[in-house]
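Letters A, B, ... mirror the listed sequences (proteins, then strands); counts begin at 1. Just the heavy atoms: all of them, side chains too, but no hydrogens, waters or symmetry mates, feed the values below.
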There are 2 protein chains.
Amino acid sequence: MSFSISLDATLATTKQQIHESFADFIAQQNIPEPKLANAIEYALLSGGKRIRPLLINLIGKSLGLSQTDLTPIGLAVECIHCYSLVHDDLPAMDDDDLRRGKPTCHIVYDEATAILAGDALQCMAFEVLASAHFSIFADKQRVELIALLSKAAGGCGMVAGQSIDLVSTNKQINIEQLTELHRLKTGALLEVCGALPCAISEHISIEHAELFRQFARHIGLAFQIQDDILDVTADTDTLGKPQGSDELANKSTFVSLLGLDGAKKELDKQHSKAVNALANLPYNTDELLSFTDFMVTRAY
Amino acid sequence: MSFSISLDATLATTKQQIHESFADFIAQQNIPEPKLANAIEYALLSGGKRIRPLLINLIGKSLGLSQTDLTPIGLAVECIHCYSLVHDDLPAMDDDDLRRGKPTCHIVYDEATAILAGDALQCMAFEVLASAHFSIFADKQRVELIALLSKAAGGCGMVAGQSIDLVSTNKQINIEQLTELHRLKTGALLEVCGALPCAISEHISIEHAELFRQFARHIGLAFQIQDDILDVTADTDTLGKPQGSDELANKSTFVSLLGLDGAKKELDKQHSKAVNALANLPYNTDELLSFTDFMVTRAY
């Protein structure tokens, strides 16, 4: 793994920040139903790679933004991500019992509680952005963050992707359809991680903001292709979920449509495009480069 | 029914506005998955009393606010309300096949689509508030609307109420616990309808805004008590859902805990408190008074 020491440290810090900021936020709240409160905490704090807050932190750092302002944004995106996992795992959806090596939310609690915990987490994302303390920016930026995140997470973004995924299961789809599916299902939320820090930067140009967004888009697709590759090459313990689950669920993947070599070639292509986007930016993007390498070489 | 002609007209106009503003909003969007798009439309446009947008319109009118600014707020609240109904009706939750005299969303489509349609609708509420065109007010007010709505809808509000409802089913609870349950489950969203128009009014005092909120709180409780009364006194055709469903589901209600006469007395009490709150406001609240009468005398 080409994960650099510096990036390892940033990742560890980000994971710690997310954990603490969530705990802080929850402490300020007072969720009156203990089972719901526990399920929300379980959904958000049961590990995970924290790719999205990490991406936000790294882009934000390269733009000179403060951690105070980046942490709530990462937390909001992670609330959306975690709610989507809880709902995706439900019996009526992907029916998964295992996530990150642990029983899924509806297995630990029950289906009703998992549905409600997901609902509360989605709501929390917007509550965080509307009410968290930010150091430098004004309501105009808050509104832009909420507009960007709601567009990425909703019926024209992540939720549409999940819906396309469900109607595409057990069907033959082509590579363009698969790419569109993932552009929405995983891609929309990862892409918006490229846009959110730019929305609170006071000096970035429209062109450079677009490059960060492109970078995040290619990273997003690379992430999904690597996921598909790992599903056939890694073992269950490493993955934290059953190996071969895509094939078992009769889902089209980059590997099933392009073969393992073809998928690896597409991964390289997305990697190059992400690196090129970074190369055209007048900021220190060294850590983002390491992150990009990590995304295409990660083994879990 | 003491529903006045003027209020009838306002209600009809509000229903039409909600229908049109949703159609406009959907037309601007481009939900790429037809089944999801249809389920979202079905969930939002299959009738309903539109009590919440109506309450927002009436309070807004008494404050002199423009319809342009009230419509998106009503739409956002209705998105939240409709998503909550779709999720509440799911087999893992209340398992209801009928809503407003029509098959519920997961019966018409399927469970997965109903979960996703609900998720998209919640997200849409915040997208509407972050991106809709408002005539008079600035980002500061948008942020306040989003903060208020997310607090009312989330894990400390409506979702908590639904969670308490689920853990209270098949259990003996007392009248205080039942009141708390409904203060959250139905009350939080109705109460915030009293706060949202005040948040965009430039002249209202804190004391008067609090009176509108109190008014909406009592209206909210009265609404629920009347719901419980109708569940034992009205027939299935009038209700649009099976009569006696609360008793069948082994849920405590104001009628089961206080008896029919006791429930009616409590309804009168909440009615009086709502009327008193209005009486102390220096605005024309004639239509709100008619609305209050409607809430305690409605037969459906």
Side-chain angles (χ1 to χ4, degrees), chain A residues 29-33 35-37 40 80 83-84 87 90-93 106 110-131 138-151 153-164 166-167 180 184, chain B residues 29-33 35-37 40 80 83-84 87 90-93 106 110-131 138-151 153-164 166-167 180 184:
Chain A
Q29 305 229 325
N30 192 9
I31 297 175
E33 213 293 288
K35 195 174 175 186
L36 176 68
I40 291 172
I80 296 284
Y83 115 69
S84 78
H87 282 191
L90 286 166
M93 306 271 278
H106 67 275
D110 52 49
E111 270 186 69
T113 305
I115 293 167
L116 293 173
D119 290 343
L121 273 169
Q122 171 163 217
C123 200
M124 201 181 283
F126 299 107
E127 196 179 348
V128 166
L129 292 181
S131 62
D139 291 321
K140 185 173 180 293
Q141 281 83 26
R142 275 189 206 263
V143 171
E144 200 174 340
L145 292 175
I146 293 165
L148 284 166
L149 185 59
S150 59
K151 202 167 176 55
C156 293
M158 184 186 76
V159 173
Q162 176 65 8
S163 184
I164 294 173
L166 287 169
V167 298
E180 175 65 4
L184 294 166
Chain B
Q29 304 228 327
N30 193 10
I31 297 174
E33 214 292 289
K35 194 174 176 185
L36 176 68
I40 290 172
I80 295 285
Y83 115 70
S84 79
H87 282 190
L90 286 167
M93 307 270 278
H106 67 275
D110 51 49
E111 268 186 71
T113 305
I115 293 168
L116 292 174
D119 289 343
L121 273 169
Q122 171 163 216
C123 200
M124 200 180 285
F126 298 108
E127 197 179 348
V128 167
L129 292 181
S131 62
D139 291 321
K140 184 174 181 292
Q141 280 83 26
R142 276 190 205 264
V143 171
E144 200 174 340
L145 292 175
I146 294 164
L148 284 166
L149 185 58
S150 59
K151 204 169 173 57
C156 293
M158 184 187 75
V159 173
Q162 177 63 7
S163 183
I164 293 172
L166 287 169
V167 300
E180 174 67 2
L184 295 166

Under 4.5 Å from any heavy atom of chain B - which part of A/L184: side chain
Chain A contact via B/I146 - which portion, at a heavy-atom distance below 4.5 Å: both
Partner set under side chain to side chain donor-acceptor pair (under 3.5 Å) for B/E127, not counting sequence neighbours: B/Q29
Structural part of A/V128 lying under 4.5 Å from a heavy atom of chain B: neither
Side chain / backbone / both / neither for B/D119 at chain A, heavy atoms under 4.5 Å: both
Non-neighbouring partners of A/S84 that pass side chain to side chain donor-acceptor pair (under 3.5 Å), sequence neighbours left out: none
Parallel, tilted or perpendicular: rings of B/F126 and A/F126 (30°, 60°): parallel
Residue A/L148 versus chain B: region with a heavy atom under 4.5 Å: neither
Contact origin within A/T113 toward chain B - heavy atom pairs under 4.5 Å: neither
Nearest heavy atoms of B/V159 and A/L116, plus distance in Å: CG1-O, 3.4 Å
For chain A, the option from B/K140, B/K35, B/H106 that forms the most heavy-atom pairs under 4.5 Å: B/K140
Under 4.5 Å from a heavy atom of chain A, the part of B/L121 involved: neither
